[in-house]
Novice: 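First, the structure itself, so that you have it in front of you.
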Amino acid sequence: MKGVDAIIFWIGVAIFLIAIYEAMVLGIGQAYGIFMISLILFFVYGYRKRNKKK
C-alpha cells in the first residue's frame, strides 16, 4: 500500500466503525449515509488497486 491508498483505506475503516456505533445508538436509518461514505471509499480503494496492477 502506498501513501494515498493507505489513507483511503484507513479512513474508510474509521468511518465504517463510526457508522457501526451510530447504527447501535441511533438506528440503521440514521447511519445509512455514513455507511455509504465508507462503501464509496472502499470502492475507490479497490479501483485504484486494480488499476495499479495493469
Novice: Answer with yes or no whether the hydrophobic clustering places Tyr21 together with Phe42; edges join I, L, V, M, F, W, Y residues whose side-chain heavy atoms lie under 4.5 Å apart.
Specialist: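 Each belongs to a different hydrophobic cluster.
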
Novice: Do Phe43 and Leu39 touch side chain to side chain, with heavy atoms closer than 4.5 Å?
Specialist: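 Yes, side chains in contact.
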
Novice: Do Ile40 and Ile7 land in one hydrophobic cluster if side-chain heavy atoms of ILVMFWY residues count as linked below 4.5 Å?
Specialist: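 Both belong to a single hydrophobic cluster.
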
Novice: Is Ile37 reachable from Val44 through a run of I, L, V, M, F, W or Y residues, each pair having side-chain heavy atoms under 4.5 Å apart?
Specialist: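 In one cluster: yes.
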
Novice: Counting neighbours of CZ on Phe16 that are heavy atoms of other residues, nucleotides or ligands and sit closer than 6.0 Å, is the number greater than 12?
Specialist: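 Count not over threshold, so no.
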
Novice: Atom CD1 of Ile34 and atom CD1 of Ile28: how far apart are they, to the nearest 0.5 Å?
Specialist: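 Between Ile34 CD1 and Ile28 CD1, I get 10.0 Å after rounding to 0.5 Å.
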
Novice: Closest approach of Tyr45 and Ile8, non-hydrogen atoms and distance?
Specialist: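 It is CB-CG2, 3.9 Å.
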
Novice: Please give me the minimum heavy-atom distance between Ala23 and Ala31, naming the atom from each residue.
Specialist: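 Closest approach of Ala23 to Ala31: N-CB, 3.7 Å.
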
Novice: With sequence neighbours left out, what residues match Tyr47 under side chain to side chain donor-acceptor pair (under 3.5 Å)?
Specialist: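 So Tyr47 forms a side chain to side chain donor-acceptor pair (under 3.5 Å) with Asn51.
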
Novice: Measuring from atom CH2 of Trp10 to atom CG of Leu41, what distance do you get when rounded to the nearest 0.5 angstrom?
Specialist: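 If I round to the nearest 0.5 Å, the distance is 14.0 Å.
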
Novice: Which residue is it: Ile15, Val13, Ile11? I am looking for the one with a side chain to side chain contact (heavy atoms under 4.5 Å, CB included) to Ser38.
Specialist: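 Only one option passes, and that is Ile15.
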
